[in-house]
Amino acid sequence: MAFWLLKSEPDVYGIADLEREGETLWDGVRNYQARNFLRQMAVGDRAFFYHSNTKPPGIVGLMTVSATEQVDPSQFDPDSDYYDPRSQADNPTWITVKLIFGDRFQPGLTLAELRAEFTTEDLLILRPGNRLSVTPVEEDVAERLLQRLRSPAI
DNA sequence: GCCAACGTTGGC
DNA sequence: GCCAACGTTGGC
């Protein structure tokens, strides 16, 4: 079982939405490197839910991969912000996963806390200028994150 | 294949 | 709103 970190803007889709819906298709990823990570995911993998472009940004939840190799339907929807006219139905460019709600952490771990307690080698999202919305997390780092998320006080 | 211009991401 | 970082595009 592997661990991942997935970013989303809560104004677009947040942990509260997933908690309410129970399961979601992680659509809208339009970056090849992120797509390649999505394709490496296996059912049962865990993913940290990270809120970006909000105050404060940070890890707010935990998810479990429930289905892999899902065709992202928004690539074929001309009305979607994620429409990709170059993608062909018989060879879709954008493949993603389904995830089920696992946990919601309040208050979670803010980016400032992550920076204070983890290194840029621990977490790719801490690298300056990082924009990847899907990144792998090493197991030892994931365990430290989980321990920290479940016991807010150090 | 190079690279400048441009658009997007996302923290601050 | 600003700006740094990075990906993509397109001319050559």
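Chain letters run A, B, ... following the sequence lines, proteins first and then strands; every chain starts at 1. These values consider heavy atoms only, across backbone and side chains, with no hydrogens, waters or symmetry-generated copies.
The residue K55(A) sits apart from the nucleic acid: no heavy atom pair falls under 4.0 Å.
A salt bridge links R144(A) with D122(A): the closest approach of a Lys/Arg side-chain nitrogen to an acidic carboxylate oxygen falls below 4.0 angstrom.
Applying a 4.0 Å cut-off to non-hydrogen atoms, none of the residues of residues 12-19 of chain A approaches DNA chain B. Of the residues in residues 79-88 of chain A, not one comes within less than 4.0 Å of DNA chain B through any heavy atom. Near DNA chain C, defined here as any heavy-atom distance below 4.0 Å, the residues from residues 119-135 of chain A are P128(A), G129(A), R131(A), listed numerically.
Residue pairs meeting the ring pair (Phe, Tyr, Trp, His ring centres under 6.0 Å) criterion with at least one member in residues 96-123 of chain A: none, sequence neighbours excluded. Listed by first and then second residue, the side chain to side chain donor-acceptor pair (under 3.5 Å) pairs involving residues 124-137 of chain A amount to none (not counting sequence neighbours).
Atom CD of E138(A) has 12 or fewer neighbouring heavy atoms from other residues, nucleotides or ligands inside a 6.0 Å radius.
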Return all side-chain donor-acceptor pairs below 3.5 angstrom for residues 36-46 of chain A, not counting sequence neighbours, or 'none' if the list is empty.
| from | atom 1 | to | atom 2 | distance (Å) |
| --- | --- | --- | --- | --- |
| N36(A) | ND2 | Y32(A) | O | 3.3 |
| R39(A) | NH2 | E69(A) | OE1 | 3.1 |
| D45(A) | OD1 | A2(A) | N | 3.0 |
| D45(A) | OD2 | W4(A) | NE1 | 3.0 |
| D45(A) | OD2 | A42(A) | N | 3.0 |

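In this structure S87(A) satisfies the side chain to side chain donor-acceptor pair (under 3.5 Å) test together with Q75(A), T93(A), sequence neighbours excluded. Among residues two or more places apart in sequence or in another chain, the side chain to side chain donor-acceptor pair (under 3.5 Å) test is passed with W94(A) by D84(A). In terms of the ring-ring contact (aromatic ring centres under 6.0 Å, His included) criterion, residue partners of F49(A) (sequence neighbours excluded) are, by chain and number, W26(A), H51(A). Residues passing the ring-ring contact (aromatic ring centres under 6.0 Å, His included) test with Y83(A): none are found, sequence neighbours excluded.
Mapping heavy-atom proximity under 4.0 Å, the span of DNA chain B touched by chain A runs 5' to 3' from dG7(B) to dC12(B).
Going from atom CD1 of I59(A) over to atom CD of E113(A) covers 10.5 Å, rounded to the nearest 0.5 Å.
Grouped with V71(A) in one hydrophobic cluster are F76(A), I95(A), the linkage being side-chain heavy-atom contacts under 4.5 Å among Ile, Leu, Val, Met, Phe, Trp and Tyr residues.
Proximity of T24(A) to D17(A): side-chain heavy atoms (C-beta onward) are nowhere separated by under 4.5 Å.
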